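Keep in mind the model is a prediction, meaning the values are calculated, not measured. All values below were derived from every heavy atom in this structure, side-chain atoms included, with hydrogens, water molecules and symmetry-related copies excluded.
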Amino acid sequence: MAENKASFILYCDINGLVNQLPDDLAGQLFKHILGYVNDENPTSDNLLLNIAFDPIKRQLKRDLKKYETSTCKVKRDD
């Protein structure tokens, strides 16, 4: 995550994906997401967890790029 960034967006459209996971795996996915956004570089040998996490990770990266672009623009304009 970006330095000094205390939040991230988790989109409602992942609800269908998460609801298809068993509760224990959904919990692991949530912990994996939190580890990722806190720069803990989580890894897993669980194929299903990795498949579920991949689109979320890609969206988090897109959002971070937008955040960094808008933050840099605001700082440049100051």
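Evaluation of the side-chain hydrogen bond (donor to acceptor under 3.5 Å, both in side chains) test over residues 17-33, restricted to residues two or more places apart or in two chains, returns Asn15-Asn19.
Taking Asn50 as the reference, nothing meets the side-chain hydrogen bond (donor to acceptor under 3.5 Å, both in side chains) condition, with sequence neighbours excluded. Scored by the salt bridge (charged side-chain N to carboxylate O under 4.0 Å, His left out) test, Asp45 finds no partners at all (sequence neighbours excluded).
Counting heavy atoms from C-beta on, the side chains of Lys65 and Lys61 never come closer than 4.5 Å. Counting only heavy atoms from C-beta outward, the side chains of Leu60 and Leu64 never approach each other to under 4.5 Å.
In this structure, the separation between CZ on Phe53 and CG on Asn46 is 13.0 Å, given to the nearest 0.5 Å. Between the CG atom in Asp13 and the CD atom in Gln59 there is a gap of 7.5 Å [rounded to 0.5 Å]. The structure places CZ of Phe8 at 9.5 Å from CD1 of Ile56, a figure rounded to the nearest 0.5 Å. Atom NZ of Lys57 sits about 5.0 Å away from atom OH of Tyr36, to the nearest 0.5 Å. How far CG of Leu29 is from OG of Ser44: 10.0 Å, rounded to the nearest 0.5 Å. We find the CG-CG distance between Leu49 and Leu21 to be 8.0 Å, quoted to the nearest 0.5 Å.
In the displayed structure, Tyr11 atom OH is contacted under 6.0 Å by more than 12 heavy atoms of other residues, nucleotides or ligands.
The two residues Pro42 and Gly35 come nearest to each other via the heavy atoms CD-C, 3.7 Å.
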